[in-house]
Structures are given as C-alpha cells and as structure tokens.
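Worth saying up front: this structure is predicted, and the values here are computed from it rather than measured. One is the number of the first residue; the rest follow in order along the sequence. As the structure lists them, so they are numbered: ligands from 1, and atoms in each ligand from 1.
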Amino acid sequence: MVEKNLTVVNHPLIQHKLTLIRKKETSSSEFRRLLREISMLLAYEITRDLPLGKKSIETPLMPMESPSLLGKKLALVSILRAGNGLLEGVLELIPSARVGYIGLYRNEETLKPVEYYFKVPLDIEARLVILLDPMLATGHSAAAAVSRLKEEGAKNIRFVCLLAAPEGVEIMRDTHPDVQVITAALDTRLNELGYILPGLGDAGDRLYGTT
Ligand code: URA
C-alpha cells in the first residue's frame, strides 16, 4: 500500500515474520534474528528506485556495459538504541553504505526529545539518508531526528520502521511531508503510555533482553 507519505510493505514473508516477532513468547535471540531478516526484506523495498548507470566490465568471455548504482553511497542512520536492530540487516544488504547514529531521550518535564549523541557521515547533503527506528509511535523522536538531519544539510530522507502508529504517521506528514515513511505494518493506535497497539512491546527491551 502506498499513500502520500506512507508505504506499507505487505510482502508475505515480511508479514509472516512480523507475526512471529510480535508474539510475546518470542525470545530475544529469535527477535534479533527476525528483525534482521525483516530489515533485509525492507531494504529491498527501500532501494527499489535507486538510480542505475552502466559500467564497463569484462566477463571471462567478453566486455559488456553492465548496470551499476549511480551517485554517492547511502547513509544509514540509526536512532539509538532500537534502530540498531534494523541497521544490521540493511547494512548486510548494502555493505558499502555509510552509517550514522542519533541518540535521543525524552525530557520527562517537557516531554520533548533531547539529543545526547549525533554523528553522521560526511556529505550528508549529497546522500540518500535512510533513517531507522523499528517503532514510529508518537513520532516525536522521528520528527526531531529528521529535523536534526535537515539542519546538517540532508535533503533526501526516508524513514524506515517495523511498526507505525497512525499518530506517528500524522506527525511525520505534518512536520516533514517530504519524508516517505516505509513500514511493515500500520497498527491501530497508541495506548496511554505511548506504546503501539497491538504492537510488540518495547522494541529495545525485546531486542536486548532488558526490562
Ligand atoms: N517504542 C517501543 O519500543 N514500543 C512501542 O510500542 C512504542 C515505542
């Protein structure tokens, strides 16, 4: 399903693995493995329109002009810490990508995201930036991370998550209408604590076995 700023990738393999990853009995090691696999499948979708040029090569039999990716290498930017669960699989599929990290925490008084770490690849303005966080919940961290990347010069940003809540999609649409959100599922709503329903719980805790 593709809407204005939202793409839901409903590939059967992704949907099947998503059911497994949502289950409360799924262990951390299974969760990590499934997230890696789903992120590889999502990466296939994210990169389907990358520009291709031709490169002169020689096969053992003859020279040929063969398709090759054009332009600067992608920048993958993980929102710490759960973003790292998505990063691993995407990086496996696009090993030459550059990698950045954004650390944000929520100020409990203002409820606004506060940055505690920011390191992104050079020439970010010339790269396609894939921003990664498994859960698009309220959308505040995602929107803040996009704003920060734009401050740094990024012009072409896609946001990739595993699950999105309608509330988060709306915030992204309102604050960053130029950023396509790519997700494996659009869930129903947020609960009063900001968790996605039906969701999968706390992605970071499930990835790393913390509580
Ligand atoms: N972050 C999570 O890890 N899970 C949610 O449901 C919402 C935000």
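If you number the atoms of ligand 1 from 1 as listed, the ones under 4.0 Å from a heavy atom of Tyr195 come out as 4 (N), 5 (C), 6 (O), 7 (C). If you number the atoms of ligand 1 from 1 as listed, the ones under 4.0 Å from a heavy atom of Gly194 come out as 7 (C). Taking a cut-off of under 4.0 Å to the non-hydrogen atoms of Asp202, the atoms of ligand 1 that pass are 2 (C), 3 (O), 4 (N).
Among protein heavy atoms, the minimum distance from atom 8 (C) of ligand 1 is reached at Ala137 CB, 3.7 Å. Closest to atom 4 (N) of ligand 1 among all protein heavy atoms lies Gly201 O, 2.8 Å. At the shortest separation from atom 6 (O) of ligand 1 among protein heavy atoms lies Ile196 N, 2.7 Å.
Side chains of Met172 and Val146 form a contact here, defined as non-hydrogen atoms less than 4.5 Å apart.
In summary, the side chains of Asp205 and Thr211 do not present any donor paired with an acceptor at a separation below 3.5 Å, with no hydrogens or angles considered. Thr7 and Gln180 share a donor-acceptor pair across their side chains, judged by distance under 3.5 Å alone.
Between Glu170 and Arg173 there is no salt bridge, since no side-chain nitrogen of the basic residue lies less than 4.0 Å from a carboxylate oxygen of the acidic one.
Under the 6.0 Å distance and 45° angle rule, Arg81 does not count as a cation-pi partner of Tyr208.
Residue Ala203 has at least one N or O atom closer than 3.5 Å to an N or O atom of ligand 1. Taking distance alone, with nitrogen or oxygen atoms compared against 3.5 Å, Gly204 stays at or beyond that limit from ligand 1.
A search for salt bridge (charged side-chain N to carboxylate O under 4.0 Å, His left out) contacts involving Arg32 returns nothing, not counting sequence neighbours.
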